[in-house]
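Atom set for the values below is all heavy atoms of this structure, side chains included, hydrogens, waters and symmetry mates excluded. In this text the structure is predicted, and so the values were computed from the model without any measurement.
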Amino acid sequence: MSKFFSDKYKELTPYTPGEQPVDMQYIKLNTNESPFPPPASVVEAIKAEGAKAHLYSDPTCKKFVAKVAEVYGVKPTQVIAVNGSDEVLNFAFMAFCDKATPAVFPDITYGFYSVFAQLNGVPYKTIPLKEDFSVDYRDYLHVNATVFIANPNAPTGMQLSLDEIEQIAKSNPDNVVVIDEAYVDFGGESAVKLVDAYENLLVTQTFSKSRSLAGARLGIGIGSEKLIADLHTLRYSTNPYNVNRMTLAGGYQALCETEYYQNAVRTVVENREYTAAALKNLGFDVLPSKTNFLFVKTPLVAGETLYKKLKEKGVLVRHFTADRIKEFCRVTIGSKAQMVAFLQKVEEILAEEKNEKGTN
Ligand SMILES: *Cc1c(COP(=O)(O)O)cnc(C)c1O
């Protein structure tokens, strides 16, 4: 740290992104990307737009936003386009939280929430998940705080029903309720259909997971016109060109490729069910997942050991050190071939552990 770094950030612990190794060919099951590249038309749209890279992008993101509005059945004024949904989440902490209005979210959830709270000097409270790792919606009724809930939740993969989300929004009319739907396309139910009824509801989605555009950085926020106007104020006060023109073109085209993405999502869900069943057969505990990942543990190998041994064998998964979940690994669902290879490595590790324990 330099002597120039502002005191207000001295205690800040930044978010730790999943490993993005460039050194060797790993089977990459650690950051919940899609195993499938974007469709050819999306790649073409991105390439073509590159010829106009000398010109700023459209700060209103008009064409993309209009398409989002059409696809999601809302007005363009209810949509904000952002540089990955992390950006709109940060804007929400800036816009809707302060000393008098703290943030509240589950103890086990997306790691960025506590980072954004710290970054913005926002006090926050965490509420423990239930014993079975589900969110109890009753914990979020009348909370007098800005609510952040990933639904389905990460890294557990479990979800609240739309009815439960509605209860939370309804019981907190004076506070914003942010529903982070990064994984909703893999089997969740979107709260976008509630935004007209609840002016305090903000729904965020990303193109990084189901739409194969993690590297393009594209997300959206959908809510009431007034909430979205607040977010635009912050966007125009930080970076009006937050979404670059290649990404806007690719995102627009992605919204035209419904069938491609439906097939991709269906394949991921099939591979998820296949992998979950296989892991259960091997004695794993597998949380019920509505996402493109599984959160799993086994009494036979410690979470950290499994992560390390898989890495030695060329498979990357994600391990978290928080006490409650340190026995788990989060495994992104890839292609069938990737999952078959992953399961084979898991079997090898289980056999090795058994031998080591046997000889001690
Ligand atoms: C991946 C993810 C995001 C953010 O994704 P972006 O790449 O910034 O769009 C947000 N919330 C959760 C829970 C995620 O897993």
S.K.: What is the distance from atom OG of S34 to atom CG of L213, rounded to the nearest 0.5 Å?
M.R.: 9.0 Å

S.K.: So which of D185, T206, V42 actually passes side-chain contact (heavy atoms from CB on, under 4.5 Å) with R211?
M.R.: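 So the option named by the test is D185.
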
S.K.: Give me the atom names and distance for the closest heavy-atom approach of M246 to A53.
M.R.: SD-CB, 4.3 Å

S.K.: Once you round to the nearest 0.5 Å, how far does OG of S171 lie from CD of E166?
M.R.: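 Going from OG on S171 over to CD on E166, the span is 11.0 Å.
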
S.K.: As an exercise, state the distance from CD of Q253 to CG of L255, rounded to the nearest 0.5 Å.
M.R.: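 So the CD of Q253 and the CG of L255 are separated by 9.5 Å.
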
S.K.: Does the side chain of M1 reach to within under 4.5 Å of the side chain of K10, using non-hydrogen atoms?
M.R.: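 Yes, at least one pair of side-chain atoms sits under 4.5 Å.
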
S.K.: Decide yes or no for L310 and V346: does some side-chain heavy atom of the first lie under 4.5 Å from some side-chain heavy atom of the second?
M.R.: yes

S.K.: Does the side chain of V268 come within less than 4.5 Å of F186's, by heavy atoms?
M.R.: yes

S.K.: Short question: side chain of N200, backbone of N172 - any donor-acceptor pair under 3.5 Å?
M.R.: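 Yes; judged by distance alone, with no hydrogens or angles, the pair exists.
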
S.K.: Can you confirm whether P35 sits close enough to T332 that some side-chain heavy atom of one is under 4.5 Å from a side-chain heavy atom of the other?
M.R.: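 P35 does not reach T332 side chain to side chain.
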
S.K.: Does any non-hydrogen side-chain atom of S57 lie less than 4.5 Å from one of F64?
M.R.: no

S.K.: If I compare all heavy atoms of S335 with all of N271, which pair ends up nearest, and what's the gap?
M.R.: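 Looks like C-ND2, 3.5 Å.
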
S.K.: Quick check: does any side chain N or O of R330 sit under 3.5 Å from a backbone N or O of F320, one acting as donor and the other as acceptor?
M.R.: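 Flag not set: sc R330 to bb F320 has no pair under 3.5 Å.
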
S.K.: Show the nearest heavy-atom pair for residues N292 and N32, with the distance to one decimal.
M.R.: ND2-O, 3.0 Å

S.K.: Just how far is it from atom CG of N120 to atom CG of D98, taken to the nearest 0.5 Å?
M.R.: 10.5 Å

S.K.: Could you tell me which non-hydrogen atom of P152 sits nearest to which non-hydrogen atom of G157, and how far apart they are?
M.R.: CB-O, 3.8 Å

S.K.: Above 12 or not: heavy atoms from other molecules or residues under 6.0 Å from OH of Y56?
M.R.: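 No, the 6.0 Å shell around OH holds no more than 12 heavy atoms from other groups.
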
S.K.: With the 4.5 Å side-chain cut-off for hydrophobic clustering, are L294 and I108 part of the same group?
M.R.: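 Yes, because L294 and I108 connect within a single hydrophobic cluster, where side-chain heavy atoms sit under 4.5 Å apart.
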
S.K.: With rounding to the nearest 0.5 angstrom, report the OG1 to CD1 distance, T204 to I80.
M.R.: 11.5 Å

S.K.: Is the ring pair Y183/F293 parallel, tilted or perpendicular, if the boundaries are 30 and 60 degrees?
M.R.: perpendicular

S.K.: Would you check if the side chain of T238 reaches a backbone N or O of L234 as a donor-acceptor pair within less than 3.5 Å?
M.R.: yes

S.K.: Would you check if the side chain of R245 reaches a backbone N or O of E49 as a donor-acceptor pair within less than 3.5 Å?
M.R.: no

S.K.: Heavy-atom count around K226 NZ within 6.0 Å, excluding the residue itself: above 12?
M.R.: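 Atom NZ in K226 is not packed in, count stays at 12 or less.
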
S.K.: Under a single-linkage definition using a 4.5 Å side-chain heavy-atom cutoff for Ile, Leu, Val, Met, Phe, Trp and Tyr, are M158 and V296 assigned to the same hydrophobic cluster?
M.R.: yes

S.K.: Are there over 12 heavy-atom neighbours, none belonging to K130, within less than 6.0 Å of that residue's NZ?
M.R.: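 More than 12 within 6.0 Å, yes.
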
S.K.: Could you go through the side chain to side chain contact (heavy atoms under 4.5 Å, CB included) check for F207 and T247 one step at a time?
M.R.: CA-CA 10 Å; F207 282 53; T247 293; over 6 Å; no

S.K.: Shortest non-hydrogen contact from V195 to Q78?
M.R.: CG2-NE2, 4.1 Å

S.K.: Of all heavy-atom pairs between Y113 and I149, which one has the smallest distance, and what is that distance?
M.R.: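 Here Y113 and I149 meet closest at OH-C, 4.2 Å.
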
S.K.: If the plane angle is over 60° it's perpendicular, under 30° parallel, otherwise tilted; pick one for F93 and F116.
M.R.: tilted

S.K.: When you compare the side chain of L89 with that of Y110, does any pair of heavy atoms fall below 4.5 Å?
M.R.: yes

S.K.: Should E225 and K75 count as an ion pair when the cut-off is N to O under 4.0 Å?
M.R.: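 Salt bridge present between E225 and K75.
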
S.K.: Using modelled atom types and a 3.5 Å cut-off, is there a donor and acceptor pairing between side-chain atoms of D285 and backbone atoms of K297?
M.R.: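 No, D285 side chain to K297 backbone: no donor-acceptor pair under 3.5 Å.
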
S.K.: Where does the angle between the aromatic ring planes of F328 and F133 fall among parallel (under 30°), tilted (30 to 60°) and perpendicular (over 60°)?
M.R.: perpendicular

S.K.: Is it the case that over 12 heavy atoms from other parts of the model lie below 6.0 angstrom from the CD atom of E199?
M.R.: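 It does not: E199 CD has 12 such atoms or fewer within range.
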
S.K.: Going through the distances and angles, do Y140 and Q167 end up as a side-chain hydrogen bond (donor to acceptor under 3.5 Å, both in side chains)?
M.R.: CA-CA 9 Å; Y140 297 85; Q167 307 276 352; over 6 Å; no

S.K.: Before you tell me yes or no, could you show the steps for Q338 and K28 under side-chain hydrogen bond (donor to acceptor under 3.5 Å, both in side chains), namely the whole-Å CA-CA distance, both residues' side-chain angles and the distance that decides it to 0.1 Å?
M.R.: CA-CA 9 Å; Q338 287 178 315; K28 225 180 144 298; over 6 Å; no

S.K.: Under the side chain to side chain contact (heavy atoms under 4.5 Å, CB included) rule, what do R235 and L231 come out as? Steps first, then yes or no, please.
M.R.: CA-CA 6 Å; R235 186 172 74 87; L231 297 171; over 6 Å; no

S.K.: Got a sec, which pairs hit ring-ring contact (aromatic ring centres under 6.0 Å, His included) with one end in residues 243-287, sequence neighbours left out?
M.R.: none

S.K.: Salt bridge (charged side-chain N to carboxylate O under 4.0 Å, His left out), that's the test. Do E70 and K67 meet it? Break it down for me.
M.R.: CA-CA 5 Å; E70 176 197 317; K67 188 73 188 170; 3.3 Å; yes

S.K.: Transitively linked via ILVMFWY side-chain contacts under 4.5 Å: V178 with V122?
M.R.: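 Different hydrophobic clusters.
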
S.K.: With the threshold set at 4.0 Å, does a side-chain nitrogen-carboxylate oxygen contact exist between D58 and K63?
M.R.: no

S.K.: Give the intermediate values and the outcome of side-chain hydrogen bond (donor to acceptor under 3.5 Å, both in side chains) for residues D163 and S161.
M.R.: CA-CA 5 Å; D163 184 54; S161 70; 4.9 Å; no

S.K.: Could you check if a side-chain atom of N30 sits within less than 4.5 angstrom of a side-chain atom of E19, using non-hydrogen atoms only?
M.R.: yes

S.K.: Under the side chain to side chain contact (heavy atoms under 4.5 Å, CB included) criterion, do L350 and V301 qualify, and how do the steps go?
M.R.: CA-CA 7 Å; L350 291 179; V301 196; 3.5 Å; yes

S.K.: If only atom types and distance count, is the side chain of N151 paired as donor or acceptor with the main-chain N or O of I179 below 3.5 Å?
M.R.: no

S.K.: How about I349 and V315: do any of their side-chain heavy atoms sit closer than 4.5 Å?
M.R.: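 They are not in contact (no side-chain heavy atoms under 4.5 Å apart), so the answer is no.
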
S.K.: Answer yes or no: is there an ion pair linking R138 with D136, defined by an N-O contact shorter than 4.0 Å?
M.R.: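 D136 and R138: salt-bridged.
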
S.K.: About how many Å separate CG of L162 and CG of L194, when rounded to the nearest 0.5 Å?
M.R.: 4.5 Å

S.K.: Honestly curious: do L248 and V88 fall in one hydrophobic cluster under the side-chain, below-4.5 Å linking rule?
M.R.: no

S.K.: Can any side-chain N or O of S212 pair as donor or acceptor with the backbone N or O of F36 at less than 3.5 Å?
M.R.: yes

S.K.: Using only atom types and a distance under 3.5 Å, with no angle test, would you say the side chain of N90 pairs donor to acceptor with the backbone of F112?
M.R.: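 No.
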
S.K.: Would you check if the side chain of E87 reaches a backbone N or O of G219 as a donor-acceptor pair within less than 3.5 Å?
M.R.: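 It does not hold such a pair.
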
S.K.: Hey, any chance L29 and V286 share a hydrophobic cluster, counting ILVMFWY side chains that come within less than 4.5 Å of each other, even indirectly?
M.R.: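 Yes; tracing contacts between hydrophobic side chains, which count when under 4.5 Å, links both residues.
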
S.K.: Start with the C-alpha gap between F342 and L279, add the side-chain angles, then the distance that decides, and say whether side chain to side chain contact (heavy atoms under 4.5 Å, CB included) holds.
M.R.: CA-CA 10 Å; F342 158 76; L279 287 172; 4.1 Å; yes

